[in-house]
Every structure is written in structure tokens, then in C-alpha cells.
There are 2 protein chains.
Amino acid sequence: MILRDAFLRVRRFDDFQARLGIARRVLHERLAGLVEAGVLEKVPYQERPLRHEYRLTQKGLDLYPVILSLVHWGDTHYAGEDGPPVRFRHKSCGHTVEPVLTCSCCQETLRPREVQPEFSEALKLALKTA
Amino acid sequence: MILRDAFLRVRRFDDFQARLGIARRVLHERLAGLVEAGVLEKVPYQERPLRHEYRLTQKGLDLYPVILSLVHWGDTHYAGEDGPPVRFRHKSCGHTVEPVLTCSCCQETLRPREVQPEFSEALKLALKTA
DNA sequence: CCATATAAGTTCATTTTTAAGACTGATAAA
DNA sequence: TTTATCAGTCTTAAAAATGAACTTATATGG
């Protein structure tokens with residue numbers, strides 16, 4: 001949820017806090033964890049007094065498909081009669097976004113049954129000994 | 001992680017338990033929660049003794065883009081030198097899948113900066129009063 | 001018949017997390 | 001001078017997770 005909000009352009013501690021209603025301590029731990037994981041970075045936006053904001057790194061931006069498809073899933077299955085709380089407009093085509101996961105090589109929609117998982121030898125070994 | 005495994009065709013309690021090393025109690029709670037949420041369903045596969053497996057419902061299958069893009073993110077940023085533990089082969093084109101999130105209307109790759117979030121009036125109100 | 005195995009839990013004691021809310025410190029604005 | 005803003009930090013109580021053993025129903029092998 002912190003990350004979802006980060007993609008909604010939320011960047012500052014108190015803004016996250018107000019939006020999520022999460023305990024400040026927990027928010028602090030989460031943000032610190034995300035910074036340590038390299039998903040967010042603290043960028044100062046003023047000195048005197050020193051203040052910084054949390055911005056997505058490239059690694060964080062790479063999570064965009066995850067977040068957007070999760071939000072879309074939530075909108076599909078949980079939106080009330082008024083529709084979803086946030087809609088996303090695709091600037092290039094002007095429409096409300098409906099995200100679809102496709103295969104980069106053939107552009108087809110990816111469906112679970114058309115995708116065959118193949119386990120690495122290392123993983124097979126690890127599962128056997130456990 | 002339970003759901004990731006479900007998409008890897010894991011369906012039975014003890015298989016989840018062995019793969020995840022999670023406490024049985026917690027696994028039970030999670031599975032029950034997912035069933036209650038309508039993401040999984042219990043399907044008996046034998047009687048005497050009664051045994052059942054957990055299968056993804058349509059709602060659960062709809063989470064495929066979320067899981068697949070999350071796994072892909074993990075593979076990109078955390079895979080060791082041996083490559084990712086599981087590779088996904090797209091049956092229709094034969095290649096290892098590299099998932100891309102696209103806009104259903106224009107087929108373009110969705111990037112955070114090309115997508116404009118628009119808040120519903122209801123949400124704006126809710127944020128103001130809080 | 002008896003011991004062991006399997007699947008799917010359940011129970012218990014102990015450790016970890018989380019939550020809610022008050023408090024701090026630096027600075028700016030009224 | 002009082003109040004507000006931002007980014008935390010502290011404390012205590014409640015909730016959740018952990019690991020290991022225990023249960024129930026049935027099947028299998030000797």
C-alpha cells in the first residue's frame with residue numbers, strides 16, 4: 001500500500017501517514033526497509049530544516065506492473081457501484097487504462113495455462129533435501 | 001507466496017507446507033482466508049478418507065498478472081548467477097516469457113509517467129475529512 | 001493383527017510484530 | 001509568543017507468528 005501510494009505521487013512521510021492511517025513507527029520501519037531494499041531513496045528537497053522525500057528508484061519503478069495489475073484486480077473484484085476510487089488515464093491514447101500482461105516476444109496475452117513453468121536443477125535439488 | 005505456488009500447480013496442504021516451511025497453523029489460516037476471499041476453493045479429490053485440494057477460482061486466476069510480474073521483478077533484481085529458479089515457457093511462441101504490461105486499447109507498454117491517476121470525488125472527500 | 005505412513009489439521013508455549021497514541025526537536029508563520 | 005509542519009522516537013498493550021508435538025481417519029506391508 002505504501003508502494004501503491006508512491007506510484008500515486010505521494011512522497012512525504014506525513015502524506016503517507018495521513019493516507020494510510022498506519023502507526024508512525026511502522027511507517028518509518030517500512031520506509032526504511034524499502035530504502036534499504038533499494039526500492040525507494042531519500043532525496044532532500046530542502047535544508048534548514050532538513051527535509052526529504054521518498055522517491056522510487058529504477059528498481060522501484062520496475063514494480064509498476066505489479067502494483068498496477070494488483071490495483072486493477074482490486075477494482076475488478078471489489079469496486080462498489082460508484083466505480084473504482086482511482087482511474088488511470090493513458091496519456092498516449094486518452095483512454096482509461098485496462099492493463100493486460102503480454103509476452104514481449106509474441107504480444108499475446110499471457111494466460112496461466114499457456115505458460116509452462118520449468119524448474120531449475122538447483123531448485124529441484126533444494127526441494128528434495130527439504 | 002502461497003499464491004505463487006498455486007500458480008506453479010501446487011494444490012495440497014502438505015505440498016504447500018513442505019515448499020514454504022511455514023508453520024502449519026499459519027498455512028491453514030492463510031488458505032482458509034483465501035478460500036473465504038474467493039481466491040481459492042477446496043475441491044475434494046477423494047473420499048474415504050476425505051481429502052481435498054486447493055484450486056484457484058476465476059478470481060484467483062485473475063491474479064496471474066500480479067504474480068507473474070512480481071516473480072519477474074524478483075528474477076530481474078535478485079536472481080543469482082545461475083539465473084532464476086523457475087523459467088516460464090510460453091507454449092504458443094516457445095520462448096521464455098518476459099511479461100510486459102500493456103494498455104488493452106493501444107497495445108503500448110504502460111509506464112508510470114504516461115499514466116495519469118484521476119481520483120474519484122468520493123475518495124477526495126474521504127481524504128479531506130481524515 | 002500391529003506398526004507405520006499419509007493428509008489435513010489442531011494445540012500450546014514462546015517470541016516477534018504491530019498498533020495507538022503521546023512526546024521530541026528544529027524551524028517557520030501568524 | 002503561540003501555533004503549525006515535518007520527520008521521527010518511545011512506551012505499553014494487543015495481535016500474530018513460530019516450532020514442535022498431538023489428533024483423526026484411513027491405507028499399506030509384514
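Bear in mind that the values here come from a model prediction, so they are computed numbers and not experimental data. Just so we're on the same page: letters track the sequence lines, and every chain starts at 1.
Note on A:Leu8: it clusters hydrophobically with A:Leu40, by side-chain heavy-atom contacts below 4.5 Å among ILVMFWY residues.
The phosphate of C:dA7 has neither OP1 nor OP2 within less than 4.0 Å of any side-chain N or O from B:Lys42. Dashed line: the shortest gap from a side-chain N or O of B:His28 to OP1 or OP2 of C:dT10 is under 4.0 Å. Of the side-chain N and O atoms in B:Tyr45, one or more sit less than 4.0 angstrom from OP1 or OP2 of C:dA8.
Rounding to whole angstrom units, CZ of residue B:Arg25 and C1' of C:dA13 are separated by 12 Å. For B:Asp15 and C:dT6, the CG to P distance is 12 Å, given to the nearest whole Å. Distance CD1 (A:Ile22) to C1' (C:dT17): 12 Å, rounded to an integer number of Å. Here the P atom of nucleotide C:dT11 and the CZ atom of B:Arg24 are 14 Å apart, to the nearest Å. The nearest whole Å value for the distance from the CD atom in A:Gln17 to the P atom in C:dA22 is 13 Å.
Here B:Phe16 lies out of heavy-atom contact (under 4.0 Å) with every strand. Within 4.0 Å (heavy atoms only), A:Arg12 reaches sugar-phosphate atoms of the nucleic acid but no base atom.
Relative to the six-membered ring of A:Tyr45, A:Arg12 meets both conditions, a distance below 6.0 Å and an angle of at most 45° to the axis.
Across all their heavy atoms, A:Ile22 and A:Gln17 have their closest contact at O-NE2, 2.6 Å. In terms of heavy-atom proximity, A:Phe13 sits nearest to A:Leu27 at O-CD2, 3.6 Å.
First and last contacts of DNA chain D with chain B, using any nucleotide atom under 4.0 Å from a protein heavy atom and ordered 5' to 3', fall at D:dA17 to D:dA27.
Of the possible donor and acceptor atoms, none in the side chain of A:Ser104 sits under 3.5 Å from a partner among the backbone N and O of B:Pro99.
Residue order along DNA chain D, read from the 5' end via each residue's closest nucleotide, puts A:Asp14 first among B:Glu29 and A:Asp14. Nearest-nucleotide assignment on DNA chain C puts the 5′-proximal partner with A:Arg30, out of A:Leu50 and A:Arg30.
Residues in residues 54-77 of chain B take part in these salt bridge (Lys or Arg N to Asp or Glu O under 4.0 Å) pairs, two or more places apart or across chains: B:Glu53-B:Arg55.
Around atom NE2 of A:His95, no more than 12 heavy atoms belonging to other residues, nucleotides or ligands sit under 6.0 Å away.
Residue B:Phe13 has its side chain nearest to C:dG9 when only C:dT11, C:dG9, C:dA19 are considered. The side chain of A:Ala23 lies closest to C:dA19 when the candidates are C:dG25, C:dG9, C:dA19.
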